[in-house]
2 protein chains.
Amino acid sequence: MAKVTIRDVADRAGVSTATVSRALSGAKRVSAAVEDQVRRAVQELGYSGNGIASALRRSRTDTVGMIVPSIVNPFFTSLVESVEHALQDEGRQLFLCSSRSDPQLEEQRLRSLVARQVDGIVISPVHGTGSTAAISWAAGELPLVQVDRYVTGVDSDWVGVDDDEALRLVVGHLSGRGVRTAAFISSRLTSSSTELRVAGFQSHTARLGIAVAPGALLLGEYSIDWGRTAMQRLLAAGPLPDAVVCADDLIALGVLQACSTAGVAVPEDVLVTGFDDIPFAALSDPPLTTVRQPQAAIATEAVRLLSQAFREPPHEPARLALAPSLVVRASTGG
Amino acid sequence: MAKVTIRDVADRAGVSTATVSRALSGAKRVSAAVEDQVRRAVQELGYSGNGIASALRRSRTDTVGMIVPSIVNPFFTSLVESVEHALQDEGRQLFLCSSRSDPQLEEQRLRSLVARQVDGIVISPVHGTGSTAAISWAAGELPLVQVDRYVTGVDSDWVGVDDDEALRLVVGHLSGRGVRTAAFISSRLTSSSTELRVAGFQSHTARLGIAVAPGALLLGEYSIDWGRTAMQRLLAAGPLPDAVVCADDLIALGVLQACSTAGVAVPEDVLVTGFDDIPFAALSDPPLTTVRQPQAAIATEAVRLLSQAFREPPHEPARLALAPSLVVRASTGG
DNA sequence: AGGTTCTGGGTAATCGATTACCCGCCGATG
DNA sequence: CATCGGCGGGTAATCGATTACCCAGAACCT
């Protein structure tokens with residue numbers, strides 16, 4: 001329990017702290033005999049080092065921070081897992097925080113990460129404009145890459161999915177199924193991807209002559225609950241559209257549940273699509289047609305951009321919109 | 001970008017670093033005039049402090065680390081979210097790591113957290129015995145509480161669910177539905193809860209005269225995939241049992257999927273139960289009967305025990321097995 | 001043999017904030 | 001009027017590891 005420091009190890013091994021540090025980090029050659037002494041002393045004392053002190057001196061922590069809007073959304077947890085994997089290969093650790101879709105909490109997390117001197121940050125911003133100030137500031141302090149969503153006017157890398165292409169795929173598919181009217185359920189939060197998905201929905205439905213009734217654009221949040229209530233509203237409002245397009249899978253799952261309890265058959269009475277392809281999208285009743293995000297690729301690219309920023313600070317911000325793919329399941333007719 | 005330190009602030013405000021520190025932390029009274037000077041200087045320079053240096057000196061970080069076996073398992077993410085909430089109220093932050101069900105990675109995470117001087121650790125151990133050494137060591141270094149699962153022989157608090165009671169509920173319910181034969185699908189990893197669930201399954205089926213065929217105890221991992229393959233094996237092996245009891249919801253969802261693709265009707269041909277009550281358990285086809293864990297209470301208690309350990313180090317390890325509840329849905333006949 | 005380079009290892013400065021200790025000043029008290 | 005206590009604020013030690021700089025001896029050249 002008594003803290004054992006490098007000094008204790010040095011004393012026990014009969015060398016200086018400098019030598020202990022060198023023996024352990026390999027920063028400079030050390031004779032085999034001394035190295036052995038040190039290792040023995042470390043063992044005997046149970047020395048484990050003080051990462052804080054080390055970080056202070058070296059001013060790096062070999063840790064990157066990641067901030068996501070929600071930790072219970074499977075899309076983000078998949079992304080987090082992929083990022084962690086990618087970092088692992090570089091010998092870095094991940095420090096994960098949730099902003100719980102709250103810009104204030106997000107700012108606090110950012111400050112905390114910067115204060116803790118993480119080497120870099122991967123963030124999926126909460127809000128398209130409300131997050132700008134904090135992210136701008138953080139991006140000025142250390143390497144930062146945005147994933148999935150981005151805020152405008154910040155000089156930083158971004159990697160995500162091509163939202164317009166995604167909605168082109170979805171709407172095209174629905175059109176091929178004979179859909180003539182559609183509704184869209186999304187989140188109120190004006191994040192970049194939310195906006196792009198709404199815009200994509202509107203432009204592609206217009207292009208293909210699919211009608212979107214006024215009031216058929218429902219904005220709430222990315223959650224099962226919202227999907228359920230939004231669908232209930234649609235059901236109450238009057239004639240159903242041919243298809244309900246959802247901005248993420250959680251919403252879509254809520255929609256399916258609402259349909260099921262209301263006795264509305266999917267896909268017979270209405271087609272439903274999601275977005276993300278979370279693991280549970282294949283298990284719903286009926287299984288969900290959805291857009292698969294290339295989340296592993298997003299994670300890999302994000303980490304690559306970060307490492308690049310570590311090596312060569314000044315560079316042109318990259319914007320990588322990776323291609324999504326459509327996964328057709330029973331909710332649009334199989 | 002240039003790092004601005006407390007010294008810069010002190011110079012700009014025309015005071016000493018000690019005064020700046022006091023003005024900002026409120027550790028000692030400072031005249032209003034000086035405080036104002038300091039605040040202004042902080043603003044102008046964009047000073048944000050160096051958490052590392054502060055942590056080194058104060059030897060605390062106001063951060064607790066949490067390690068879970070999987071970050072893509074909704075049960076754990078719910079737990080994490082609850083813990084984060086509870087910590088928030090105390091002004092502490094959460095540093096989340098995933099051990100990916102790998103004892104070696106788990107040990108590495110533990111070392112890293114200790115080296116980073118988190119104030120305490122919340123951990124759900126990977127393995128009943130393989131995790132013991134590392135956790136023992138960590139528990140000797142700082143306050144540590146185990147959640148959900150625990151390793152034996154470690155002098156630390158634990159809070160989780162009453163697994164035996166949970167299986168009493170499940171098996172009792174199935175018995176009431178007329179079940180005479182049952183199978184159990186669980187994880188191979190010998191964690192405490194896994195073992196207790198198997199043991200509970202066996203004792204309660206025996207007590208109620210429910211037959212468990214040899215080979216009807218399938219051990220793999222906590223995942224949808226394993227649930228699916230395990231069920232496929234059961235289907236291939238011969239006559240179906242009346243019920244399939246699963247050690248967690250992910251397994252159960254896999255089981256349902258396997259049944260669906262094999263054309264086996266649930267609950268007509270076989271009853272299926274899960275464990276955890278993750279949000280998706282209500283959305284499957286059919287909705288899943290499962291055991292609800294009191295995860296919010298588990299989180300609250302864990303944080304309470306941790307804070308208690310911060311204040312008064314030496315205390316008798318607590319073991320809190322909270323009561324679960326049964327959520328009956330269509331997968332057992334609704 | 002004398003000079004040069006290498007090598008292993010020690011000394012002490014350093015990272016940036018906190019805080020123990022000290023000091024001068026002011027009002028209050030006997 | 002001398003003394004005391006408190007208060008605001010400064011000086012410098014401290015946290016623990018890393019590393020710039022230095023040195024002695026060995027090895028290596030002409």
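Keep in mind the model is a prediction, meaning the values are calculated, not measured. Proteins get letters first, then strands, A, B, ... in listed order; numbering begins at 1 in each.
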What contact category does [X] fall into here, base, sugar-phosphate, or nothing, at under 4.0 angstrom with non-hydrogen atoms?
{"X": "A:Val15", "result": "sugar-phosphate"}
{"X": "B:Val34", "result": "sugar-phosphate"}
{"X": "A:Ser59", "result": "nothing"}
{"X": "A:Ser21", "result": "base"}
{"X": "A:Gly49", "result": "sugar-phosphate"}
{"X": "A:Ser16", "result": "base"}

Would you indicate, yes or no, if [N] has its OP1 or OP2 atom less than 4.0 angstrom from a side-chain nitrogen or oxygen of [X]?
{"X": "A:Thr5", "N": "D:dC15", "value": "no"}
{"X": "B:Ser54", "N": "C:dG16", "value": "no"}
{"X": "B:Thr19", "N": "D:dG9", "value": "no"}
{"X": "B:Arg29", "N": "D:dC7", "value": "no"}

[X] [atom1] to [N] [atom2], straight-line distance once rounded to whole Å:
{"X": "B:Arg60", "N": "C:dT18", "atom1": "CZ", "atom2": "C1'", "value": "13 Å"}
{"X": "A:Arg58", "N": "D:dT19", "atom1": "CZ", "atom2": "P", "value": "7 Å"}
{"X": "B:Ile52", "N": "D:dG16", "atom1": "CD1", "atom2": "C1'", "value": "13 Å"}
{"X": "A:Asp11", "N": "C:dT11", "atom1": "CG", "atom2": "P", "value": "11 Å"}
{"X": "B:Arg116", "N": "D:dA17", "atom1": "CZ", "atom2": "P", "value": "15 Å"}

Among [options], the one nearest [X] by side-chain distance:
{"X": "A:Val30", "options": "D:dT18, C:dG9, C:dG16", "answer": "C:dG9"}
{"X": "B:Leu56", "options": "C:dG10, C:dG16, D:dA17", "answer": "C:dG16"}
{"X": "A:Arg57", "options": "D:dG10, C:dA13, C:dT18", "answer": "C:dA13"}
{"X": "A:Ile6", "options": "D:dA12, D:dA17, C:dA17", "answer": "D:dA17"}
{"X": "B:Lys28", "options": "C:dT11, C:dT14, D:dG8", "answer": "D:dG8"}
{"X": "A:Arg22", "options": "D:dA17, D:dG9, D:dT19", "answer": "D:dT19"}
{"X": "A:Ser31", "options": "C:dG16, C:dG8, C:dA12", "answer": "C:dG8"}

Exercise. Which atom names give the shortest non-hydrogen contact between B:Gln295 and B:Ser82, and what distance separates them?
Worked result: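 Residues B:Gln295 and B:Ser82, closest heavy atoms: OE1-OG, 2.8 Å.
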Between [Y] and [X], do the side chains contain a donor N or O and an acceptor N or O under 3.5 Å apart?
{"X": "B:Thr63", "Y": "B:Gln93", "value": "no"}
{"X": "A:Tyr222", "Y": "A:Thr194", "value": "yes"}
{"X": "A:Glu90", "Y": "A:Ser307", "value": "yes"}

Exercise. Checking salt bridge (charged side-chain N to carboxylate O under 4.0 Å, His left out) for the pair A:Arg109/B:Glu84: CA distance, chi angles, key distance, verdict?
Worked result: CA-CA 12 Å; A:Arg109 301 300 192 232; B:Glu84 195 178 36; 3.3 Å; yes
Problem set entry | A:Gly160 backbone acceptor or donor facing A:Asp148 side chain under 3.5 Å |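 Checked: no pair found.
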